[in-house]
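What follows is a set of notes on a single structure, which appears directly below.
Lettering follows sequence order; numbering is per chain, from 1.
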2 protein chains.
Amino acid sequence: MPSRLEKARQAPDSMKGRILEAARRLFGEYGFSGVTTRMLAKEVGIDISTLYYHWGEKQDLYEAVMADLSCEIRGKLREIERMVRGAALSHRLEVAIEVMCDWLFEHPEAAKLMLSSYMGKSRSAPDTHVPIKEHIANIAVAMGLALDTAHVPARANARVLTVWNSVINFTAGEDFFRPLLGVNRNEYRSVVKETLKFILIPAFARSSAA
Amino acid sequence: MPSRLEKARQAPDSMKGRILEAARRLFGEYGFSGVTTRMLAKEVGIDISTLYYHWGEKQDLYEAVMADLSCEIRGKLREIERMVRGAALSHRLEVAIEVMCDWLFEHPEAAKLMLSSYMGKSRSAPDTHVPIKEHIANIAVAMGLALDTAHVPARANARVLTVWNSVINFTAGEDFFRPLLGVNRNEYRSVVKETLKFILIPAFARSSAA
DNA sequence: AAAAGAGTCCATCATTTGTTGGAAATTTAT
DNA sequence: ATAAATTTCCAACAAATGATGGACTCTTTT
């Protein structure tokens, strides 16, 4: 039996990887309690016990999904940090919004999983939050809102969180917001990016000029 | 047996009202699938069948919760509209943020319910979204982003949605964000308001001056 | 006081759900 | 080719869950 504490990424064509991928999609769509082991097995096209064989209990699988996601987010943020290092603040923000939106629009489950991780308790106790705290602190420093990641003022963190949340929201909620705006997929994506830049950049540009 | 299509608000001391209140709290906290009829009954301190007697199936109760919430939101938005009618745009925004935050901080389940209504599908089909579309359009007109509620550009709606979502997020996610900022309840509330005003007002003030 | 009605609870049922043991099938090693 | 290990499926179980019928209690009406 394969280890359940496996940290390495799963090959997407392996059974273990296929299960993880389906779990991510379904957990993102219906939440932890909204997904049954039978739904998962059916989605992958396998028997329930095969699922248990690879990942153990439902909660273990959920935790694996969150750990995997967390790892991916961390990588993405580092990538962005590398891209904008040394640039002007408004340019940094613009690139960050652009890149995060592009990625999250292609992985809406990721945004949904993070949202339910922030907002939702579950009586079945998968308290596996994505460890976003460090990332927020890093971004705050990168944006010049703080001098050192160990001492970031609450105000600075709150400002970063506002940006972060706005991106997560529009990507996670596309199915609900897009009909509301009456636009197609491509239009939605460009309107969202435009709006986020329009709203978020001026505030920070001003504070950086001051 | 009382009608299940009852539209009027329930007296908060009646059994039907107490059940609705508990349902709102629990559905907000754990989501539709995360709440069992037994949890609900226990929360109110009654038997399961009493619950069924008053509200029928679980889905009916959930829909009642959402309808009630929707009604309350509508009232709150009208109240805000009345308060800021005729004022300058930046003042309108400030008051709207202030009042909505105050109310949602006192009713965090409301914010959580709306979020899960936007983001989450459920296989048990309570597709009862809060009809936010009209409200967003009204706000857009009130903010001078559109001339008439029937023809609001997607851009305008998207901007209003950004504001709306930011407020919802910080109020719904207090339990997660507050430890992250390392502040107490009162500090959190004031930091959130300050941050929202700091970020959201400049963008609109600029566009209004142009 | 008696009857009618409304509200609550107990016991129970049928399904769903998480989970497991063990047999069959498939792959890998010898 | 044969044995060993790995992977998959079938069948089943116990607990949890949504839902209901009927008895009991309390209030209101006549």
Side-chain angles (χ1 to χ4, degrees), chain A residues 1-6 8 10-24 26-27 29-66 121-128, chain B residues 1-6 8 10-24 26-27 29-66 121-128:
Chain A
M1 171 187 290
S3 163
R4 289 171 186 172
L5 297 175
E6 196 74 45
Q10 293 299 319
D13 53 324
S14 71
M15 180 54 71
K16 208 173 170 180
R18 281 172 54 204
I19 295 175
L20 193 68
E21 186 195 26
R24 182 162 157 163
L26 289 185
F27 281 137
E29 194 133 352
Y30 300 102
F32 179 78
S33 314
V35 175
T36 71
T37 54
R38 283 168 178 79
M39 283 172 71
L40 277 165
K42 194 170 185 178
E43 177 86 1
V44 187
I46 57 174
D47 188 83
I48 324 167
S49 27
T50 303
L51 204 149
Y52 279 83
Y53 171 75
H54 285 285
W55 290 106
E57 311 191 353
K58 189 184 170 190
Q59 291 185 27
D60 295 339
L61 176 54
Y62 183 82
E63 283 169 25
V65 167
M66 296 308 281
K121 298 179 185 174
S122 170
R123 62 203 149 97
S124 308
D127 254 1
T128 50
Chain B
M1 174 189 291
S3 163
R4 291 172 186 172
L5 297 175
E6 195 73 46
Q10 292 301 318
D13 54 324
S14 73
M15 180 55 71
K16 209 173 170 181
R18 281 172 54 204
I19 295 176
L20 193 68
E21 186 194 27
R24 184 162 154 162
L26 289 185
F27 281 137
E29 194 134 354
Y30 301 101
F32 179 79
S33 315
V35 175
T36 72
T37 54
R38 282 166 178 80
M39 282 172 71
L40 277 166
K42 192 169 186 180
E43 176 87 2
V44 186
I46 56 173
D47 188 86
I48 324 167
S49 26
T50 303
L51 204 147
Y52 281 85
Y53 172 74
H54 286 285
W55 288 105
E57 313 190 352
K58 189 184 168 189
Q59 291 182 28
D60 294 338
L61 175 54
Y62 183 82
E63 282 169 26
V65 167
M66 295 310 282
K121 299 179 182 172
S122 170
R123 65 206 145 93
S124 307
D127 255 0
T128 50

*Below 4.0 angstrom from OP1 or OP2 of C/dT8, is there any side-chain N or O of B/His54?*
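Yes, within the criterion.
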*Within less than 4.0 Å of OP1 or OP2 of D/dT7, is there a side-chain N or O belonging to A/Tyr53?*
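So the side-chain polar atoms of A/Tyr53 do come within 4.0 Å of the phosphate oxygens OP1 or OP2 of D/dT7, strictly under.
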In whole angstroms, how far is the [atom2] atom of [N] from the [atom1] atom of [X]?
X	N	atom1	atom2	result
B/Lys42	C/dC9	NZ	C1'	17 Å
B/Met15	C/dC9	CE	C1'	12 Å
B/Asp47	D/dG22	CG	C1'	13 Å
B/Tyr30	D/dT17	OH	P	13 Å
B/Leu40	D/dG18	CG	P	9 Å

Can you give me the N/O atom pairs linking the protein to nucleotides 16-19 of chain C at distances under 3.5 Å, or say none if there are none?
{"residue": "C/dT17", "atom": "OP1", "partner": "B/Arg123", "partner atom": "NH1", "Å": "2.6"}
{"residue": "C/dG18", "atom": "OP1", "partner": "A/Lys58", "partner atom": "NZ", "Å": "2.7"}
{"residue": "C/dG18", "atom": "OP2", "partner": "A/Thr37", "partner atom": "N", "Å": "2.8"}
{"residue": "C/dG18", "atom": "OP2", "partner": "A/Thr37", "partner atom": "OG1", "Å": "3.3"}
{"residue": "C/dG18", "atom": "N7", "partner": "A/Arg38", "partner atom": "NH1", "Å": "2.9"}
{"residue": "C/dG18", "atom": "O6", "partner": "A/Arg38", "partner atom": "NH2", "Å": "3.0"}
{"residue": "C/dT19", "atom": "OP1", "partner": "A/Glu57", "partner atom": "OE1", "Å": "3.3"}
{"residue": "C/dT19", "atom": "OP2", "partner": "A/Tyr52", "partner atom": "OH", "Å": "3.1"}
{"residue": "C/dT19", "atom": "OP2", "partner": "A/Lys58", "partner atom": "N", "Å": "3.1"}

Apply side chain to side chain donor-acceptor pair (under 3.5 Å) to [X] and list each qualifying residue two or more places apart in sequence or on a separate chain.
X	answer
A/Ser49	A/Asp47
B/Arg18	none
B/Glu29	A/Lys121

*Any A/Ile48 side-chain heavy atom under 4.5 Å of A/Leu40 side chain*: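 SC-SC contact between A/Ile48 and A/Leu40 ruled out.
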*asked:* Could you tell me if the side chain of B/Val44 sits less than 4.5 Å from the side chain of B/Thr50, heavy atoms only?
replied: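 The answer is no, as the side chains (C-beta and beyond) never meet within the 4.5 Å cut-off.
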*Relative to the ring of B/Phe27, is the ring of B/Phe32 parallel (under 30°), tilted (30 to 60°) or perpendicular (over 60°)?*
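Judged by the thresholds at 30° and 60°, the geometry between B/Phe32 and B/Phe27 is parallel.
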